[in-house]
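Some notes on the structure that comes next.
Every value quoted in this text rests on a predicted model; they were computed, and no experiment measured them. Counting convention: from 1, in listed order, for ligands and their atoms alike.
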Amino acid sequence: MTGVGDRQPPFDAALDPSGDRAGGRLGRPEGDARLTECVGRKEGARGGTTGSPTLVLGIETSCDETAAAVVSQEGEVLSSVVSSQAVLHARYGGVVPEIASRRHLELVTPVVRQALEEAETSLGHIGRIGVTQGPGLVGALLVGLSAAKAIAWAGRLPLVPVDHLEGHVASLYLRPEPLEPPFLCVLASGGHTLLLAVGERGRSERLGTTLDDAAGEAFDKGARLLGLGYPGGAEIDRVAEDGDREAFSFPVARVPGLDFSFSGLKTALLYAVRELGEDEARRRRSDLAASYQHAIVRALTARLREGAEETGLERLAVVGGVSANSALRAALPEARFAPLDLCTDNAAMIASAARYLEPLAYPSYLGLDAYASAA
Ligand code: KG4
Ligand code: ZN
C-alpha cells in the first residue's frame with residue numbers, strides 16, 4: 001500500500017495547476033496553505049486513522065455547476081460544494097457551453113480543495129475518485145474528467161466513471177435515510193424525464209421517457225415565456241406560491257404507455273400569454289405559473305402512480321432538479337425525495353454512485369472520453 005507520505009508531493013501538484021504552492025492564479029493563498037497542512041495530517045482527519053483510505057471524492061461538471069464532494073463508503077456526506085454559474089449564463093437565457101467550460105476550468109481546483117477542507121480530510125484518505133463521464137456538455141464534462149484523471153493518477157487511485165443519471169438515482173442512497181431498491185423512480189431534470197424501475201443499485205429498467213421536452217426544460221421554457229429568469233424551474237416554483245393553480249386549465253398530454261410529453265403544454269402557455277396580452281399576462285403571472293406548474297406536477301405524479309400499479313413496486317421516488325419543486329413534493333407525500341441540495345446537480349450523488357460501481361484500476365482510465373448523450 002502506498003502511504004500518505006508517499007502520496008503527498010504528486011497529490012499537491014494535482015491540485016495546484018499553476019505549480020505555485022504559495023497560491024496560484026486561481027487558488028486562495030490560505031487555501032493552499034491549509035491543503036498542504038491537511039495532506040500531511042493523518043491523525044484526526046475524517047476517514048479513520050487506520051487501514052486503507054475509504055472516502056470517495058466526487059467531481060461533477062456536466063452542465064453549469066462545478067461541484068466536488070466527499071462521501072464515506074457508508075454514504076455519509078462529509079462535504080458537498082457546488083459552485084453555480086447560473087448568474088453567468090442568465091443574461092443569455094440558458095447555458096452557453098463555451099462559457100461553462102472556461103468557468104469549470106477556473107473553478108474545479110478550488111472547489112475540490114474546498115470539498116476536502118470542509119470534510120476535514122485530505123487526498124491521502126481518498127480511496128477512489130468518482131467523476132461524471134456523461135451525458136452533458138462535452139467540453140464541460142472533459143474539464144471534470146481531466147481533473148479527476150489527474151488527481152487519481154497522481155495518487156495511483158482507481159477512478160469510477162459515473163453516468164450523470166445514475167448519479168441522480170444514487171442521491172437516494174445517501175445517509176441519513178438511504179432508500180433500498182427495488183423502487184420506482186421518476187428522474188426529471190433539465191435534459192431527461194424517465195420512469196425507472198430500479199431493481200438494485202446500478203441496475204434499472206427504463207419504463208418510460210419523454211417524447212419531446214424534458215420536464216425541467218418545460219419549466220425553463222415556461223419561465224422564459226413568463227418573463228422569469230434562468231434557471232426557470234426555481235423561479236416558477238417561487239412565483240407560483242402566490243398563484244391559483246386552478247386559474248388556467250393547461251392540458252396534460254396523454255401519450256401511450258408510460259412515456260411523457262411536455263411540448264403541447266408549452267404551446268398552451270404560449271397561446272394563453274398571447275391571448276392575455278403583455279400587461280395582463282404580467283399581472284396574472286403567479287396564476288399562470290401556478291397553473292403551468294400544476295400541469296407538469298400532474299403529468300409526473302400520474303405516471304409514477306400508473307407505473308406503480310403496473311409494476312407492483314411499492315416504494316416510489318423522484319430525483320433530478322425538478323424533484324426540488326415544492327408543489328411536486330407536496331403532491332407525492334408517499335414518495336421519497338432527496339434533500340433539496342441533492343436534487344439539483346451536485347457531486348455527492350456522483351460520489352454516492354462511485355461507491356458501488358466498478359472502478360477502473362490505475363492507470364487504465366487515462367484514455368477515457370466523455371459522452372454527450374444518454375445511451
Ligand atoms: O438535475 P439538474 O440540476 O440538471 C440537469 O441534469 O439537467 O436539473 C436542472 C433542472 C432545470 O431545468 C431547472 O429548471 C429544474 O431542474 N429545477 C426545478 C426546480 N429547481 C430546479 N424545476 C422545478 N422546480 C424547482 N424548484
Ligand atoms: Zn442533473
Side-chain angles (χ1 to χ4, degrees), residues 58-67 69 80 82-86 89-90 93-95 97 100 131-137 140-141 144 162-172 185-194 196 209-210 213-226 228-241 243 245 260 262 265-266 289-290 292-301 317-332 337-350 352-353 371-374:
I59 298 176
E60 151 68 40
T61 62
S62 67
C63 192
D64 61 341
E65 262 100 23
T66 318
S80 177
V82 180
S83 178
S84 173
Q85 309 176 2
H89 301 280
V95 179
V131 61
T132 309
Q133 187 185 13
L137 303 169
L141 286 161
V162 176
D163 184 277
H164 184 80
L165 305 180
E166 180 65 29
H168 274 301
V169 176
S171 65
L172 297 166
C185 180
V186 164
L187 189 164
S189 67
H192 299 88
T193 304
L194 301 171
L196 300 170
T209 185
T210 180
D213 293 347
E217 199 177 351
F219 269 110
D220 294 335
K221 288 178 175 172
R224 211 178 302 173
L225 286 172
L226 294 174
L228 295 167
Y230 167 86
E235 282 291 288
I236 289 193
D237 198 348
R238 181 179 62 78
V239 170
E241 252 176 58
R245 68 183 198 185
F260 305 84
F262 294 102
L265 176 61
K266 177 190 62 193
Y292 186 75
Q293 172 175 272
H294 186 47
I296 299 175
V297 166
R298 282 193 336 263
L300 296 174
T301 50
V318 190
V319 296
V322 175
S323 68
N325 186 264
S326 58
L328 182 61
R329 295 172 87 94
L332 280 168
F337 291 80
L340 282 181
D341 56 336
L342 299 180
C343 292
T344 44
D345 288 350
N346 64 87
M349 68 185 198
I350 302 301
S352 177
Y371 55 85
S373 311

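- Of the protein's heavy atoms, Gly233 CA, 3.3 Å lies nearest to atom 22 (N) of ligand 1.
- Here the side chain of Thr301 pairs a donor or acceptor atom with the backbone of Val297 at under 3.5 angstrom.
- Each of the atoms 7 (O) of ligand 1 lies under 4.0 Å from some heavy atom of Gly191.
- The minimum distance between the Zn ion (ligand 2) and any N, O or S atom of Asp345 involves atom OD1.
- Side-chain atoms of Leu332 and Phe337, non-hydrogen and from C-beta on, do get closer than 4.5 Å to each other.
- Backbone and side-chain nitrogen or oxygen atoms of Thr344 are examined, and none is located within less than 3.5 angstrom of a nitrogen or oxygen of ligand 1.
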For the pair Thr193 and Leu187, evaluate side chain to side chain contact (heavy atoms under 4.5 Å, CB included) and give the outcome as yes or no after the intermediate values.
CA-CA 5 Å; Thr193 304; Leu187 189 164; over 6 Å; no
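- Among protein heavy atoms, the minimum distance from atom 2 (P) of ligand 1 is reached at Asp345 OD1, 3.2 Å.
- Looking only at side-chain heavy atoms (C-beta outward), Gln133 and Leu141 stay at 4.5 Å or farther from each other.
- Short contacts between ligand 1 and His164, defined as distances under 4.0 Å to a heavy atom of the residue, involve ligand atoms 6 (O).
- At least one heavy atom of Ala234 sits closer than 4.0 Å to an atom of ligand 1.
- A distance-only check finds a donor-acceptor pair linking the side chain of Asp220 to the backbone of Gly232 [under 3.5 Å].
- For the residue pair Ser83 and Gln85, no side-chain donor N or O sits within less than 3.5 Å of a side-chain acceptor on the partner.
- At the shortest separation from atom 20 (N) of ligand 1 among protein heavy atoms lies Gly321 O, 3.5 Å.
- Protein heavy atom at the shortest distance from atom 13 (C) of ligand 1 is Asp220 OD1, 3.8 Å.
- Close approach of ligand 1 to Asp237 is summarised as follows: ligand atoms under 4.0 Å from at least one heavy atom of the residue are 24 (N), 25 (C), 26 (N).
- For the pair Phe219 and ligand 1, the shortest N or O to N or O distance does not fall below 3.5 Å.
- Listed by number with element, the atoms of ligand 1 under 4.0 Å from a non-hydrogen atom of Asn325 are 23 (C), 24 (N), 25 (C), 26 (N).
- Under the 3.5 Å distance criterion, with hydrogens and angles disregarded, a donor-acceptor pair is assigned to the side chains of Ser326 and Asp237.
- Below 4.0 Å from some heavy atom of His168 lie the following atoms of ligand 1, by number and element: 1 (O), 6 (O).
- Residue Cys63: no N/O/S atom is found under 2.8 Å from the Zn ion (ligand 2).
- At a 3.5 angstrom cut-off on N or O pairs, Ser326 does not count as close to ligand 1.
- Side-chain contact check for Ile59 versus Ile350: every heavy-atom pair is 4.5 Å or farther apart.
- For ligand 1, one of its N or O atoms has an N or O atom of Gly190 under 3.5 Å away.
- The Gly216 neighbourhood of ligand 1 comprises atoms 12 (O), with distances under 4.0 Å to a heavy atom of that residue.
- The N/O atoms of Gly320, backbone and side chain alike, include none that comes under 3.5 Å of an N/O atom in ligand 1.
- Asp213 is not listed as a side-chain neighbour of Phe219, based on a closest heavy-atom distance of 4.5 Å or more.
- Residues Val162 and Val131 have side chains not in contact (no heavy-atom distance under 4.5 Å, counting atoms from C-beta outward).
- His168 has its side chain within reach of Asp345: a pair of non-hydrogen atoms, C-beta onward, lies under 4.5 Å apart.
- Neither the backbone nor the side chain of Gln293 has a heavy atom within less than 4.0 Å of ligand 1.
- Under 4.0 angstrom from ligand 1, there are no non-hydrogen atoms of Glu65.
- Put simply, the side chain of Asn325 does not reach to within 4.5 Å of the side chain of Val318, judged on heavy atoms.
- Within the 4.5 Å cutoff, no side-chain heavy atoms of Ser323 are placed close to those of Leu340.
- Note on His192: not counted as a metal contact of the Zn ion (ligand 2), no N/O/S atom lying under 2.8 Å.
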